[in-house]
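Below you'll find the structure, written out as structure tokens, and then a few comments.
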Amino acid sequence: MTANGSRVFVSGNDAVALGVRLARPHVIAAYPITPQTAVVERLAEMVEDGSLRTEYLHVESEHSALSACIGASAVGARTFTATSSQGLLYMVECMHYASGGRFPVVMMNANRSLALPWNIYNDQRDSLSQLDSGWIQVYVEDAQEALDMIIQAFAIAENEKVLTPVMVNLDGFVLTHTYELVEVPTQEAVDRFLPPFKTTNKMSFEAPKNMAFTATPAHYTEFKFQQHQAILDAATVIADVDHSFGEQLGRYYGGLLDAYRVEDAEFVLITLGSVTGTARVVVDQLRAEGRKVGVIKLRYLRPFPVEELRSLTRNAWALGVLEKNISIGYEGTVFTNVRSALSQNGTTQEILNFVAGLGGRDISRGDIAQMFERLSSVATTHPANRVIFVNLGVETA
Amino acid sequence: MSRHTVRPPFQPKHIADFPCGTCDEAGHLVETLSSWRTSTPEVNLQLCTGCLRCYLLCPEGMIVKKNGKVAIEFDFCKGCGICAHECRSDAIRMIARRE
Amino acid sequence: MSQTVSRPLNASTLDEREFFYGHKACGGCGGSLAVRLALKVLGERTFTAVPAGCMSAVGFVYPQLAFGSNAIISTFPGTASMLSGIAAGARALGIPDFHAVGFAGDGGTADIGIQALSGAIDRHDRIIYICYDNEAYMNTGVQKSGLTPFGARTTTTPAGRRLRGALTQKKNMFEIVAAHGIEYAATASVGYPQDYLNKIDKAKSVSGTSYIHVFAPCPTGWGTGSDVSIELAKDIVDCGLWYLAEFENGEFRLNRDPKQFTPIQNYFNKQGRFKHLLPEDIEQIVKHRDREWARIRKQWIRISPPPAVAGEE
């Protein structure tokens, strides 16, 4: 029996909606925001035509969207929401609430820049600013991975060792609005892969509970420790889920990260999301010229692939972290995370931070080729400033 | 049961002693609050007509029905005095003491 | 819609179980009485949501959990949205015969919580939203709220030589929710407990959203003795600064129309928070009350309270 029912030509947003329908959430509560809107629109169409049976709430804000999902999760329902940018920030209080309360909500986030200035195009400042919120975060590269990760996200979130909400990130417009051929699994295959949501972390009449309570200084730390440990434990669950998904539905993604031509690479670029595709093309071009380069796609930022990253980059001469983000006044957040993980490698490899794509500025193959050039020169020059704004359009000196 | 009982104090030794996340049994009580009182209500059963007004209006749920009249429990009585003030038969008075 | 009352709801027939018990509210807290009574009417098949505020602060400090039935704290702005989610989740899971009720204070209802409340009513979600009104943000130390009455001293509307307390009127939440076309809304007071019980009972069978605004004195914030909370909650209705009313089937109905109001000054004299008011302030307050009542008496239907029973009122 084939697990995949059809092949369709759809956008990243459409693929998310298809994945959500297959996952059978009990409650969907989401507020429209560019460039996520097609997700909530497709889901509404699916509710209308009867192909998606769910309680679809027209909430009046993003804060209410996640708050409603938490309420539904608190009675044992499987829930989904979606947002982007300003909407993500509006629900930040509820994000900490969902993770602290151990509610396995799944959220799609369309990576979009943050005001001010206002900008609706793609960068990753929104989700990266929320790495401390206690959510598992995964970044997908294409529409197929988007659909597949929505399904996997529920399996990971609802695992009793994890019980942590999961954010699935798609680059806004670049991935949400571009089209590709996607394999859509059959409902039967997904039902076999993803069992119904069962939990004791819920209110019921059989076992009444008091939930989302206060903890004094005497107890608060222990609850945080539990959460922290759960995300660390999630790494094994993620690997297991990736493996099962591959076995049952035919596609493996490599778990916490994906490494391309890194084994003997001297210069490695670390990327997030859809720009990885462009990076691989550049890697192939440079390899054809005899250059030893590779690219690592970080799929998950929480949990962070510390060991995997260390072992893969041990022999590299220099590394570059390419991210569409900067923690203003210091360095990119992904860069900070990578450097911390590698600080114990005992090597003196240079790591550069390529801040690119802010506010939707395009990242070309030429830009990436230049990044590898930079890496090959710093191995000997050890620059004072490791944070590089790529393609700044004006002189600054 | 008509009301939850107070159980021994929570003294965790291992992380597993904690509930998973902020979720625990409804009505999980570990301490009484009678130390808050500076005065204590006393019912005069001769004057009590069993109208149940005090039972209705006690914010703590400390007053119970008993033999057609009322009795006051004291685990969470804070001595607010509403029962004495609102009794239409003057059957409850507040005594300035703790028990 | 009418409801056949098979057995009158009163102190004798009320569920004897206590569902809000062991909490750490101040002695004499009107809000805690409002929660206690409502939960006895609603029974054990109830999911309760309580936002940041007094009732959550006193009822949910681990490991002392004072709600005897299912209850959860919501974010401060999110009581109504969490309730919408609870109701939707329970519906989707096929859980039958449940009540989803929220108890929010001034802030959680009229200010930071008003957006979510508006959305829930707009969706006609089957939830019961109860606002326990103690006329300030009590949990954080008696700061002014949208429900603080004109002239009241709070910590952010101090009464001094230049300004004498709050300078604005209470937000009219009852009419705001009515303007949404809510299925059922009511005003109540813990000073008229039978009326309050009846209104909760009625809300149980509303197949849409219900809103009950219950006046709940706070001895700590008002500067009153802990024993006069019920008395004050009756006084405010008797002097006309609060009314007992319902909104149902698109019509406003006054449950109680006093032939004569008791003096507002008497009500104020019992409370520290009004001690600074001058005769001209009282006059202004009386005039405002009279204007409101003239409007209410002209526009609303005045009939007797919902089917009730032997109660002192």
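The analysis underlying the following values was restricted to heavy atoms, covering all of them including side chains, and did not include hydrogens, waters or symmetry mates. Being a predicted model, the structure only gives us computed values, none of them experimental. Chain letters run A, B, ... following the sequence lines, proteins first and then strands; every chain starts at 1.
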Q. Below 4.5 Å, heavy atoms only, C-beta onward: do A:H58 and C:D122 meet side chain to side chain?
A. no
Q) Is it the side chain or the backbone of C:R45 that comes within 4.5 Å of chain A heavy atoms, both, or neither? A) both
Q: Give the minimum heavy-atom separation between A:E93 and C:P77, together with the two atoms involved.
A: OE1-CD, 3.6 Å
**Q.** Among A:P208, A:A218, A:A215, residue most engaged with chain C (heavy-atom pairs, under 4.5 Å)
**A.** A:P208
Q: Against chain C, label A:Y97 side chain, backbone, both or neither, depending on which of its atoms sit under 4.5 Å from a heavy atom there.
A: side chain
Q) Of the backbone (N, CA, C, O) and the side chain (C-beta and beyond), which part of A:T54 lies under 4.5 Å from a heavy atom of chain C, both, or neither? A) neither
(Q) Quick check against the 3.5 Å criterion: does A:S64 have a side-chain atom that pairs as donor or acceptor with the backbone of C:A116? (A) no
Q: Please say which of C:L65, C:I72, C:N70 ends up in a side chain to side chain contact (heavy atoms under 4.5 Å, CB included) with A:K209.
A: C:N70
Q: Could you pull out the closest heavy-atom pair between C:P63 and A:H219, with the gap in Å?
A: CD-CE1, 3.9 Å
**Q.** A:Q229 CD: over 12 foreign heavy atoms closer than 6.0 Å
**A.** yes
Q) Can you tell me how far CZ of A:F205 sits from OG1 of C:T46, rounded to the nearest 0.5 angstrom? A) 6.5 Å
Q. Which of the residues C:A66, C:S74, C:S84, C:A90 is involved in the greatest number of heavy-atom pairs with chain A at under 4.5 angstrom?
A. C:S74
Q) Any idea how C:Y62 and A:F213 line up, ring-wise: parallel (<30°), tilted (30 to 60°), or perpendicular (>60°)? A) parallel
Q: Answer whether the closest heavy-atom distance between the side chains of C:T75 and A:C94 falls below 4.5 Å.
A: yes
Q: Name the region of A:V27, side chain, backbone, both or neither, that has any atom closer than 4.5 Å to a heavy atom of chain C.
A: side chain
(Q) Heavy-atom pairs under 4.5 Å with chain C - which of A:A212, A:A74, A:C69, A:A207 has more of them than the others? (A) A:A212
**Q.** Part of A:Y220 lying under 4.5 Å from any heavy atom of chain C
**A.** neither
Q) Which heavy atom in C:A92 sits nearest to a heavy atom in A:E55, and how many Å separate them? A) CB-CG, 3.8 Å
Q. Which atoms form the tightest heavy-atom contact between C:A71 and A:M203, and what is the distance?
A. N-SD, 3.6 Å
(Q) Using heavy-atom distances under 4.5 Å, tell me whether C:T79 contacts chain A through its side chain, its backbone, both, or neither. (A) neither
**Q.** A:S61 side chain reached by C:Q115 side chain, heavy atoms, under 4.5 Å
**A.** yes
(Q) Using 0.5 Å steps for rounding, measure from the CZ atom of C:F47 to the OG atom of A:S204. (A) 7.5 Å
Q: Taking all heavy atoms of C:G89 and all of A:A72, pick out the closest pair and write down the distance.
A: CA-CB, 4.0 Å
Q: With a 4.5 Å cut-off on heavy-atom pairs, point out which of A:V59, A:L66, A:T216 contacts chain C the most.
A: A:V59
**Q.** Pairs of heavy atoms under 4.5 Å with chain C: top-ranked of A:N210, A:V75, A:L57
**A.** A:N210
Q: Find out whether C:R91 and A:H26 are in side-chain contact, i.e. whether some heavy atom of one side chain is under 4.5 Å from a heavy atom of the other.
A: no
